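For the numbers below, each heavy atom of this structure counts, side chains included, while hydrogens, waters and symmetry mates do not. All chains are named by letter (A, B, ...) in the order of the sequence lines, taking the proteins before the strands, and each is independently numbered beginning at 1. For clarity, every value in this text was computed on a predicted model and none was experimentally measured.
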Amino acid sequence: MVPLGREFFDRPVVDVARDLIGVTLLVDGVGGPLVEVEAYDRADPASHSFRGPTPRNAAMFGPPGHAYVYRIYGMHWCLNFVCQPGSAVLIRALEPLHGTPLMAARRGSVGPRQLCAGPGRLCQALGVDLTQNGLPLDQAPFALLPAGESGDIATGPRIGITKGVETPWRFARPGSPFLSKPLR
DNA sequence: AGGATGATTGCCT
DNA sequence: GGCAATCATCCTC
């Protein structure tokens with residue numbers, strides 16, 4: 001198994017995204033196995049990095065294996081894992097397994113499948129905001145635990161974008177009840 | 001300096 | 001299924 005340090009992330013972003021399915025993400029001990037992610041890279045019109053570095057996307061051009069957090073629609077946070085320069089993996093959904101009472105307290109009264117199904121919901125459940133932007137993923141508050149077994153992985157078009165809509169860079173555990181949207 | 005937009009979510013019909 | 005919320009960012013003038 002490839003260790004989840006810098007060398008894991010210093011690879012083509014699509015390879016990293018695939019390999020992240022099943023990896024357990026914890027933020028201060030709260031989290032679970034990733035079931036849905038998306039890849040974005042420098043040559044991709046849907047990516048924040050497409051038009052080059054700016055203050056907001058600076059972390060995307062920093063070292064691999066760090067967090068890139070940004071605010072979307074003026075109200076939600078989205079968490080990414082930075083790979084090679086200008087590329088990152090958007091963390092879209094995970095299976096709530098560790099610290100679920102704290103997740104529920106943060107998310108309000110929603111069912112277990114709604115705790116971390118979507119990038120904004122996941123950040124709310126795990127307490128992610130701008131204070132984690134740029135932090136290394138191999139140190140507290142983050143922890144990444146290698147996947148146990150590599151099950152099936154489905155691919156499809158990414159969600160919520162208006163450019164690059166055909167690019168099939170969404171990766172998910174097929175049939176998982178914890179996805180933001182179903183994917184075969 | 002001004003305005004359109006967004007890697008979303010939840011509430012309404 | 002449709003649409004409002006809500007505001008920092010970034011493009012255009």
Side-chain angles (χ1 to χ4, degrees), chain A residues 9 12-21 23 25 27 31 34-62 64-96 103-135 137 153-173 176-183:
Chain A
F9 292 99
V13 66
V14 169
D15 295 344
V16 176
R18 276 193 75 89
D19 291 348
L20 277 172
I21 298 298
V23 167
L25 163 66
V27 179
L34 301 178
V35 296
E36 180 185 350
V37 301
E38 287 176 358
Y40 291 85
D41 87 356
R42 178 75 209 260
D44 170 10
S47 174
H48 289 176
S49 60
F50 184 61
R51 296 177 188 269
T54 69
R56 176 177 73 155
N57 67 20
M60 283 189 82
F61 293 90
H66 287 233
Y68 166 47
V69 181
Y70 67 90
R71 186 127 97 140
I72 186 66
Y73 293 106
M75 52 183 93
H76 306 294
W77 301 103
C78 289
L79 171 65
N80 297 257
F81 295 167
V82 175
C83 297
Q84 290 169 335
S87 69
V89 177
L90 172 67
I91 308 305
R92 287 195 58 92
L94 61 77
E95 175 182 344
M103 289 188 201
R106 288 164 168 165
R107 288 276 300 126
S109 60
V110 298
R113 311 162 206 242
Q114 306 293 303
L115 284 177
C116 300
R121 293 164 170 171
L122 185 151
C123 283
Q124 187 180 25
L126 271 56
V128 171
D129 60 25
L130 205 55
T131 61
Q132 283 89 28
N133 188 37
L135 296 185
L137 298 168
I153 295 176
T155 68
R158 294 168 294 181
I159 309 269
I161 53 174
T162 58
K163 300 162 203 155
V165 294
E166 308 267 294
T167 308
W169 283 0
R170 179 178 178 226
F171 301 89
R173 191 70 93 196
S176 167
F178 303 103
L179 302 182
S180 67
K181 272 183 59 177
L183 180 63

Any chance you could lay out the side-chain contact (heavy atoms from CB on, under 4.5 Å) test for A/D129 and A/V69, step after step, and finish with the verdict? CA-CA 7 Å; A/D129 60 25; A/V69 181; 5.7 Å; no
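- No contact: A/R158 has no heavy atom under 4.0 Å from any strand.
- C/dA4 sits 16 Å from B/dA4 when the P atoms are compared, rounded to a whole Å.
- Both the sub-6.0 Å distance and the 45° axial angle are satisfied by A/R158 relative to the ring of A/Y40.
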Mind listing the N/O atom pairs, protein and nucleotides 9-13 of chain B, below 3.5 Å?
from, atom 1, to, atom 2, distance (Å)
B/dT9, OP1, A/G118, O, 3.4
B/dT9, OP1, A/P119, N, 3.2
B/dT9, OP1, A/G120, N, 2.8
B/dT9, OP1, A/R121, N, 3.0
B/dT9, O4', A/H76, NE2, 3.3
B/dG10, OP1, A/R107, NH1, 3.0
B/dG10, OP1, A/R107, NH2, 3.4
B/dG10, OP2, A/R121, NE, 2.7
B/dG10, OP2, A/R121, NH2, 2.7

Watson-Crick or G-U pairs under 3.5 Å in DNA chain B, rendered as dot-bracket with [ ] for crossing pairs and | for another strand: ||||||.|||||.
Run the numbers on A/F81 and A/V37 for side-chain contact (heavy atoms from CB on, under 4.5 Å), then give the verdict. CA-CA 10 Å; A/F81 295 167; A/V37 301; over 6 Å; no
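- Under the 3.5 Å distance criterion, the side-chain polar atoms of A/D41 are left unmatched by any main-chain donor or acceptor of A/S87.
- For A/D15, there are no side chain to side chain donor-acceptor pair (under 3.5 Å) partners at least two apart in sequence or on another chain.
- Comparing the same atom, P, in B/dG2 and in C/dT6 gives a spacing of 23 Å after rounding to whole Å.
- Put simply, the side chain of A/R71 does not reach to within 4.5 Å of the side chain of A/L130, judged on heavy atoms.
- Judged by distance alone, with hydrogens and angles left aside, the side-chain atoms of A/R92 form no donor-acceptor pair with the main-chain N or O of A/E38 at under 3.5 Å.
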Report, one pair per line, the protein and nucleotides 4-6 of chain B atoms (nitrogen or oxygen only) whose separation is under 3.5 Å.
from, atom 1, to, atom 2, distance (Å)
B/dG6, OP1, A/T162, OG1, 3.1

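- Checked by atom type and distance alone, the side chain of A/R121 pairs as donor or acceptor with a backbone atom of A/A117 at under 3.5 Å.
- With rounding to whole Å, A/W77 atom CH2 is found 15 Å from B/dA7 atom C1'.
- From the 5' end on, the contacts that DNA chain C makes with chain A at under 4.0 Å to a non-hydrogen atom open and close at C/dA5 to C/dC11.
- Distance alone, capped at 3.5 Å, is enough to place a donor-acceptor pair between the A/R106 side chain and the A/A125 backbone.
- The shortest side-chain heavy-atom distance between A/P157 and A/R170 does not fall under the 4.5 Å cut-off.
- The line from SG of A/C83 to CG of A/L20 is 7.0 Å long, rounded to the nearest 0.5 Å.
- Listed for the A/E36 side chain is a donor-acceptor partner under 3.5 Å among the backbone atoms of A/S180.
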Extract all donor-acceptor atom pairs below 3.5 Å that involve side chains of residues 45-54 of chain A and protein atoms in other chains or at least two apart in sequence.
from, atom 1, to, atom 2, distance (Å)
A/S47, OG, A/S49, N, 3.1
A/S47, OG, A/S49, OG, 2.7
A/H48, ND1, A/Y68, OH, 2.8
A/S49, OG, A/G86, O, 2.6
A/T54, OG1, A/R56, N, 3.4
A/T54, OG1, A/N57, N, 3.4
A/T54, OG1, A/N57, OD1, 3.4

